[in-house]
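Both counts, for ligands and for their atoms, begin at 1 and track the order of listing.
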Amino acid sequence: MCGIIAYAGYKECQPILLKSLKRLGYRGYDSCGIAVSAVSSQQSAVPRPQDNRLATIKVYKDIGRVGDLEKSLPQIQGRVGIGHTRWATHGEVSTSNAHPHLDCSGRIAVVHNGVIENFQTLRDDLTREGHRFSSETDTEVIPHLIERYYGGDLEEAVARALADVRGTYAIVVLAAGHKELIAAQRESPLIIGVGDRENFVASDVTVVLDYTDRVIYLEDGDIALVSDESISITSRESGRGTPDSRLQTLDYRPVQREEEIVPWSPEEAQKGGYEHFMLKEIHEQPKSIENTLRGHISLIERTVSLNIRHEEGLENILLVACGTSCHAALIAEYVISKLCHLPVRVKVASEFNYHQMALEKTWVWGITQSGETLDTLRALKKARELGCATLSITNVPGSSITRIADQVFYTRSGPELGVAATKTFLAQLVALYLLALSLSPPDIMIGEGLIEGLRILPSKVQQVLDDAEEIIPHARHLSRHDNAFFIGRGINYPVAMEGALKVKEISYIHAEAYPAGELKHGPFALLRPSTPVVAITTRDDTYEAMLTSIKEIKARGPQVIALAEEGDEDIEQFVDAVIRIPPIDPLFSPFLNSVALQLLAYYTAKERGCSIDLPANLTKSVTVP
Ligand code: AGP
């Protein structure tokens with residue numbers, strides 16, 4: 001999704017903006033741009049009143065990669081600037097639609113993430129007033145609104161402009177002659193990176209890690225004034241104390257936001273010798289599982305201890321999430337019902353609003369690795385408004401979901417930069433299994449050795465990774481087709497969904513996941529001898545039924561690749577190829593099967609020469625509705 005970086009400090013900002021835009025690239029984008037408050041040669045070293053009039057805003061933007069923009073740039077001198085990577089929502093991918101956008105005078109520049117819902121009405125009004133627009137974007141109304149209200153106080157003009165706007169936004173405003181940046185957010189995240197004689201504003205923390213690990217998370221309704229040496233924040237929604245004298249008519253009050261330390265190092269956000277972030281992140285999974293488990297299981301007492309309060313009187317659980325996180329929820333649905341004997345439901349977050357769900361005595365868990373997926377944030381907010389207790393499971397410290405939910409369970413995967421979620425997915429499963437165990441009657445935990453099952457997970461996952469290259473021939477086969485089916489049953493049906501999603505996302509093969517028993521109810525019509533089928537044949541109570549499904553498929557000619565346990569020799573006679581999975585308690589089989597499918601997707605995409613970390617049209621965190 002779109003990304004924002006802004007800098008105010010003692011260094012020349014052009015190289016910082018460009019480097020940060022490259023970092024933001026992992027989110028996916030189609031165009032990019034920067035604006036710098038440029039220093040004129042006539043300005044003196046000691047600021048004089050006339051310098052304001054001499055200051056100009058230089059804007060450079062283009063479609064395509066940041067590297068290409070960089071090559072075309074002159075050297076711009078200036079120590080305050082903003083940058084943006086755009087993922088088109090309103091208007092095609094074009095240079096004029098790329099951010100930053102300017103007002104008529106060319107003295108106010110804005111970068112924006114989010115969607116302005118009433119932009120057409122605002123644009124019509126502004127056009128009648130004489131404003132001229134040069135893009136098709138919703139964003140462009142913002143600098144024009146600020147221009148409409150500007151009477152010498154930029155912050156007030158921004159506050160007035162935002163009062164007219166309906167929708168979601170994270171914006172940074174740069175104005176000629178002003179040494180402060182103005183940042184504001186509503187339902188789209190912004191952080192301030194706090195440095196020494198320099199400060200940053202960005203859409204996520206990984207962008208500023210090269211410069212600082214001290215961050216302030218802005219909240220909805222905040223407006224921040226950020227210069228090289230100071231940060232002051234006022235808020236419309238949570239401000240306390242004396243109303244800000246200038247903004248009091250708009251009900252903004254000063255607010256103190258705590259500075260926090262990000263527990264991630266800049267190295268964690270690098271490829272570390274791997275060809276792609278995705279491959280690195282697949283290989284980091286043993287560590288990520290270990291880190292997420294740390295401190296939560298006791299092998300001696302065979303107990304799980306979480307810092308999560310079990311809500312009193314709750315009778316059922318609802319999981320809301322999107323994409324891969326939703327697949328984790330679907331796997332957890334099996335685990336929770338098996339271990340806890342509690343009714344549990346899963347809802348795709350974007351559908352939550354359309355159902356009149358019975359939510360009495362329901363504990364709602366929002367699962368999102370980024371903590372910023374707008375659909376999930378809105379679902380959890382709504383659940384809260386309806387009186388439900390809420391819990392979020394996320395990987396990103398301080399992300400928006402952590403401020404919405406009553407309680408937070410952090411997975412500890414470190415930053416994930418590949419668009420396709422891998423290590424955060426397995427860590428979500430760990431979190432969900434731990435939560436299920438903590439809610440289960442004690443005899444289940446001890447009787448079934450589940451704690452031990454969790455303990456050995458990192459080494460079991462490592463075994464799959466050690467044999468990663470054995471998956472390459474299967475990937476080569478898959479890569480030659482444009483359609484494929486992924487099938488599973490029981491707890492491994494959502495794993496098949498996740499495998500198909502990974503293949504779709506990064507190799508552009510149309511991969512359909514089905515519960516194996518469903519193929520004969522329609523999809524059989526699509527089976528051709530040339531349609532590969534990937535079947536998960538874990539030896540649990542679904543095994544016999546999976547063999548039946550495979551026989552039905554084979555009778556129609558397709559090639560079947562099975563994910564089967566080492567030692568399962570019988571499977572060979574039913575299928576064309578086998579990916580071997582180390583033996584494990586079937587309850588934990590989703591972990592190992594998922595890793596094998598991630599590798600299959602990765603090598604398939606590599607065979608097809610796809611852009612693995614930045615798939616077309618996709619973005620790492622989906623912050624629009
Ligand atoms: C995963 O590979 C996808 N990129 C996508 O489905 C993702 O899982 C989804 O957008 C939800 O993201 P979240 O976990 O950050 O909420």
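No side-chain donor-acceptor contact under 3.5 Å links Gln463 and Asp467. At a cut-off of 3.5 Å, with distance as the only test, no side-chain donor of Ser31 or Asn97 sits close to an acceptor on the other residue.
Partners of Ala405 according to the side chain to side chain contact (heavy atoms under 4.5 Å, CB included) rule, which considers only residues two or more places apart in sequence or in another chain, are Leu380, Thr390, Ser392. In terms of the side chain to side chain contact (heavy atoms under 4.5 Å, CB included) criterion, residue partners of Glu260 (sequence neighbours excluded) are, by chain and number, Tyr217.
Heavy-atom contacts from other residues, nucleotides or ligands closer than 6.0 Å to CG of Asn307 number 12 or fewer.
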Kindly list each side-chain donor-acceptor pair under 3.5 angstrom involving residues 421-434, sequence neighbours excluded, with atom names and distances?
from, atom 1, to, atom 2, distance (Å)
Lys423, NZ, Glu284, OE1, 2.7
Lys423, NZ, Ser413, O, 2.7
Lys423, NZ, Pro415, O, 3.0
Thr424, OG1, Glu416, OE1, 2.8
Thr424, OG1, Glu416, OE2, 3.1
Gln428, NE2, Ser325, OG, 2.9
Tyr433, OH, Leu587, O, 2.6

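Among protein residues, Cys322, Gly323, Thr324, Ser325, Thr368, Gln369, Ser370, Thr373, Val419, Ala420, Ala421, Leu501, Lys502, Glu505, Val622 come within 4.0 Å of ligand 1, judged on heavy atoms.
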